[in-house]
Amino acid sequence: MRESSKAALGGIVAALAVVVMLATYISPLLVYTAPPFAGLLLIFIIKEIGYSWAFGTYAAVSLLSVFVIADKESAVFFTFFFGFYPILRSFLCKKISIKPLSFFIGLILFNISLIASVWFCSYVFGIDYSEITSGGKSVIILFYGLMNVVFVVYDYLFLKLNVLYDRTLSGKVKKLFRH
């Protein structure tokens, strides 16, 4: 695939990801669900043109999200985890043959990035988490527990979408951009 075709594909995926991130304007619930779906779009880039282009697309979406999207929390969640996880997970799946080990590494990284995201949102963007912290430890544990459920679903979706992509679209996108 020519460089111009790679740039076009990266731009299309980046634009789609930003549109998904803009969905946070529709409902507050989408603050936590839009970043994972935007990150899953990077599967196209990873599969068709490689990791370096996927990192470039991730960086573009991250920057655009921080500057364009009013809900900084979703932009931070995309930037700190959901945007780069598909790239990392694809790499881990190739390098580590023990699937539970690569999942466990991802889970540890997710929890570290979740704590970093909440801290960053609180201290840099001034987002108030008093609703969560005022409920005591049980609400904080519930929040982190539910976010871990989101991660498990995200990882499962990522693996299933990879299989689906390999079965149905593999190579077709390259043919589309070949001419």
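Values below: all heavy atoms of this structure, side chains included; hydrogens, waters and symmetry mates excluded. These numbers were taken from a predicted model, which means no experiment stands behind them.
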Residue set satisfying side-chain contact (heavy atoms from CB on, under 4.5 Å) with Leu29, at least two apart, ordered chain then number -> Ser27
N/O donor to acceptor pairs below 3.5 angstrom from side-chain atoms of residues 57-65, sequence neighbours left out:
{"from": "Thr57", "atom 1": "OG1", "to": "Trp53", "atom 2": "O", "distance (Å)": "2.9"}
{"from": "Tyr58", "atom 1": "OH", "to": "Thr79", "atom 2": "O", "distance (Å)": "2.5"}
{"from": "Ser62", "atom 1": "OG", "to": "Tyr58", "atom 2": "O", "distance (Å)": "2.9"}
{"from": "Ser65", "atom 1": "OG", "to": "Val61", "atom 2": "O", "distance (Å)": "2.7"}

Partner set under side-chain contact (heavy atoms from CB on, under 4.5 Å) for Thr168, not counting sequence neighbours: Leu164
Among residues two or more places apart or on two chains, list those pairs meeting salt bridge (Lys or Arg N to Asp or Glu O under 4.0 Å) that have a residue in residues 144-167. Lys47-Asp166, Arg89-Asp155
Could you tell me if the side chain of Leu30 sits less than 4.5 Å from the side chain of Ser74, heavy atoms only? no
Would you compute the distance between atom NZ of Lys6 and atom CD1 of Ile49 and round it to the nearest 0.5 angstrom? 7.0 Å
I need the minimum non-hydrogen distance between Ile46 and Ala54, along with the two atoms involved. CG1-CB, 3.7 Å
With sequence neighbours left out, the residues meeting side-chain contact (heavy atoms from CB on, under 4.5 Å) with Phe104 are Ile108
Can you check whether Phe37 reaches Leu41 side chain to side chain, under 4.5 Å on heavy atoms? no
Under a 4.5 Å cut-off applied to non-hydrogen side-chain atoms, are Ser117 and Phe82 in contact? no
With rounding to the nearest 0.5 angstrom, report the CZ to CG distance, Phe80 to Leu114. 11.0 Å
According to side-chain contact (heavy atoms from CB on, under 4.5 Å), who are the partners of Leu88, at least two apart in sequence or on a separate chain? Phe84, Tyr85, Leu92, Leu109
Within one Ile-Leu-Val-Met-Phe-Trp-Tyr cluster: Val152 and Phe110, side-chain cutoff 4.5 Å: yes
Do Phe103 and Phe151 have side chains that approach each other closer than 4.5 Å (heavy atoms only, starting at C-beta)? yes
Are the ring centres of Phe44 and Tyr165 closer than 6.0 Å? yes
